[in-house]
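None of the values given here were measured: they were computed from a predicted structure.
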Amino acid sequence: VQLQASGGGLVQPGDSLRLSCAASGETIDNYVTAWFRQAPGKEREFVTALSAGGSGTYYGESMRGRFAIARDNAKNTVYLQMSRLKPRDTAVYYCAAESDRQDWTFTSVSATNTYKYWGRGTLVTVSS
């Protein structure tokens, strides 16, 4: 599966923004899909993940409440809806996917080395 992230840009604190991750080559609903972010000088950080079939969601520490993941199967696209953005949300955001399996845990879905498929990142800058 190939992934293409888009939707980043410069926004002001408090704004909302929606990122898109368009999948091609495979049906994205058959995969666990996730969003990670990487701020300058920091390690890549887990934001959220959505299980194959959409039965479960996972959120990184402090991500729940302002970030939401959703999938549009008709468009084969995964979204990251971000609200009440803060300067510390500034980062390159990446979408990732991995084939489904039976033994998912929070530890496994939040680990970068779990995911085989990655899209190029899209930069989100939150600044006044």
Short question: side chain of Ser110, backbone of Phe106 - any donor-acceptor pair under 3.5 Å? yes

State whether the side chain of Ser20 and the backbone N or O of Tyr79 hold a donor-acceptor pair below 3.5 Å, judged by distance alone.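 Between the backbone of Tyr79 and the side chain of Ser20 there is no qualifying donor-acceptor contact (under 3.5 Å).
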
Which atom of [X] lies closest to which atom of [Y], heavy atoms considered:
X	Y	answer
Gly65	Ser83	O-OG, 4.3 Å
Ala97	Val1	CB-CG1, 4.4 Å
Thr122	Ala5	CG2-CB, 4.2 Å
Glu98	Thr114	OE1-O, 3.2 Å
Ser24	Asn76	N-ND2, 4.2 Å
Phe46	Tyr59	CE2-C, 3.6 Å

Could you grab the distance from atom [atom1] of [X] to atom [atom2] of [Y], nearest 0.5 Å is fine?
X	Y	atom1	atom2	answer
Trp35	Leu19	CH2	CG	4.5 Å
Cys21	Arg120	SG	CZ	13.5 Å
Lys86	Ser62	NZ	OG	9.5 Å
Ile28	Leu3	CD1	CG	5.5 Å
Thr90	Leu123	OG1	CG	7.5 Å
Tyr31	Tyr117	OH	OH	5.0 Å

Do [X] and [Y] touch side chain to side chain, with heavy atoms closer than 4.5 Å?
X	Y	result
Leu80	Thr48	yes
Leu10	Ser127	yes
Asp100	Asn30	no
Arg66	Asp89	yes

Taking [Y] as the starting point, is it possible to reach [X] by hopping between hydrophobic residues whose side chains are less than 4.5 Å apart?
X	Y	result
Val47	Leu50	yes
Phe67	Val11	yes
Trp118	Val32	yes
Tyr93	Ile69	yes
Val78	Tyr58	no

Does a side-chain N-to-carboxylate-O contact under 4.0 Å join Glu45 and Arg37?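 Result for this pair is yes, salt bridge flagged.
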
Please state whether the rings of Tyr115 and Phe36 are parallel, tilted or perpendicular, taking 30° and 60° as the class boundaries. perpendicular

For the CD atom on Gln81, are there more than 12 heavy atoms of other groups (residues, nucleotides or ligands in this structure) within a distance under 6.0 Å?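 Count over threshold, so yes.
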
